[in-house]
Number of protein chains: 2
Amino acid sequence: MKFSARFEYALQALLYLKCEPDEAPVSGREMSEKLNLPYRFLEQILSDLKKRGVLRSIRGQHGGYKLNLEPEEISIFDIYEVTDGKFEPWDCSTAESGDRCGQNHNMCVVNIFYSDFKSTFKSLMKSYTLDKLCSAAMKLKTEAVNNKITHAPSS
Amino acid sequence: MKFSARFEYALQALLYLKCEPDEAPVSGREMSEKLNLPYRFLEQILSDLKKRGVLRSIRGQHGGYKLNLEPEEISIFDIYEVTDGKFEPWDCSTAESGDRCGQNHNMCVVNIFYSDFKSTFKSLMKSYTLDKLCSAAMKLKTEAVNNKITHAPSS
DNA sequence: CTTAATTCCTATTGGATTACTATTATATCA
DNA sequence: TGATATAATAGTAATCCAATAGGAATTAAG
């Protein structure tokens, strides 16, 4: 029950693009250095995000990546699906997967809990957009700055 | 982002104990056969549940396991913690784990989402007790039976 | 006292997945 | 043409998970 590194890295990269927007596209190299993430691995993830239409890319010198959707259109759930595939936290959670536990899918007690779990998390993840997260981040930052000023040692 | 087999098996075993209660303790062997779970692996899980006080065990012939708590005292979250340990879906989710992402723990944007995710997860899982799940299971069963009677072919 | 049935303890294997690396190809701009 | 990018794919190393294995301790029944 852990989020994958792929997911975490994707999230960081996208936030980097949104929170520090730039006219020019941002290269994978730059992001890997600024965020301290393994370069080639990050490239794979960025490539996946591109294939799914979250990013668009410009090749060649001065190339890089840009957001392809509005930040309020990109939810954490979308990102999750790109990096980790379908959200199926349970093996026998789909009717097709057979009845290892000997019970019919709809009869399986465990699936009572599971379907609730699944829908709760979907909606939670969908409620977080890149936009919202970035605003929250900005707020954190200014609060930190104000704190520093307020509590600055008067030496 | 998947539940482990340990967790799933534990859930099934506990439901078996609750839903088909018996004066006599139930052996690991019986549960593994009835639920079609690998015997020795299940024993390990049952042993963990015992160590954490969810089950109590009787050794020797005619021994086995019994619930050590009231079914309404056992939540899915408790079971999760026994089988999977602390719920930390994020690597830098604890302040101690350092700042791989270069940000202070409280400043990390990702942790904004994370802490919300974590608390939602906890409260959802705590809201499901063994008791509730078993009632739900019983309800499913009787519904299925009624359905069969109602729709029985009148041959 | 012996035997069978059970929990208990610990070690290890096999397989799958994950995180990451490497290679090569292709595109773009100066 | 050369430097800097992305693109696509193959490979690897490490880790984790599920399951297996062997045997010790315990208990009840015969």
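Numbered from 1 within each chain, the chains take letters A, B, ... in sequence-line order.
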(message) So if I apply the ring-ring contact (aromatic ring centres under 6.0 Å, His included) rule between B/Tyr9 and each of B/Tyr16, B/Tyr39, B/Phe41, which one comes out positive?
(response)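 Checked B/Tyr16, B/Tyr39, B/Phe41 against B/Tyr9; only one passes ring-ring contact (aromatic ring centres under 6.0 Å, His included): B/Phe41.
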Check every atom of [options] against the side chain of [X] and return the nucleotide holding the closest atom.
X: B/Ser4; options: D/dA18, D/dT6, C/dA22; answer: D/dA18
X: A/Lys50; options: D/dA7, C/dC8, C/dC20; answer: D/dA7
X: B/Arg40; options: D/dA18, C/dC8, D/dA29; answer: C/dC8

(message) side chain to side chain contact (heavy atoms under 4.5 Å, CB included) for A/Leu55 and A/Leu17? Distances and angles first, verdict last.
(response) CA-CA 10 Å; A/Leu55 293 178; A/Leu17 284 175; 3.5 Å; yes
Send over the distance from [X] [atom1] to [N] [atom2], rounded to a whole Å.
X: B/Glu8; N: D/dC17; atom1: CD; atom2: P; answer: 15 Å
X: A/Glu33; N: D/dA5; atom1: CD; atom2: P; answer: 9 Å
X: A/Glu43; N: D/dT4; atom1: CD; atom2: C1'; answer: 11 Å
X: A/Tyr65; N: D/dT4; atom1: OH; atom2: P; answer: 17 Å
X: A/Ile58; N: C/dC29; atom1: CD1; atom2: P; answer: 10 Å
X: A/Gln61; N: D/dG2; atom1: CD; atom2: C1'; answer: 9 Å
X: B/Leu42; N: C/dT6; atom1: CG; atom2: C1'; answer: 14 Å
X: A/Met1; N: D/dC17; atom1: CE; atom2: P; answer: 13 Å

(message) So that I can tick it off, tell me whether A/Glu88 and A/Lys118 are bridged by a salt bridge, with the cut-off set at under 4.0 angstrom between side-chain N and carboxylate O.
(response) yes
(request) By nearest nucleotide on DNA chain D, pick out whichever of B/Phe3 and B/His62 is the more 5' one. (result)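 Its nearest nucleotide being more 5', the pick is B/Phe3.
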(message) Both A/Arg59 and A/Ala5 contact DNA chain C. Taking the nearest nucleotide for each, which residue is further toward the 5' end?
(response)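 This one resolves to A/Ala5.
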Is there a side-chain contact between [X] and the phosphate of [N], meaning an N or O under 4.0 Å from OP1 or OP2?
X: B/Ser47; N: C/dT7; value: no
X: A/Ser57; N: D/dA5; value: no
X: B/Tyr9; N: D/dA18; value: no

(request) Classify the nucleic acid contact of B/Tyr39 as base, sugar-phosphate or nothing, counting any heavy atom under 4.0 Å across all strands shown. (result)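 The answer is base, as B/Tyr39 lies within the cut-off (heavy atoms under 4.0 Å) of a base atom.
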(message) Are B/Phe117 and A/Phe3 an aromatic pair, judged by ring center distance below 6.0 Å?
(response) yes
(request) Give a yes or no on whether the ring-centroid distance for B/Tyr128 and A/Tyr114 is below 6.0 angstrom. (result) no
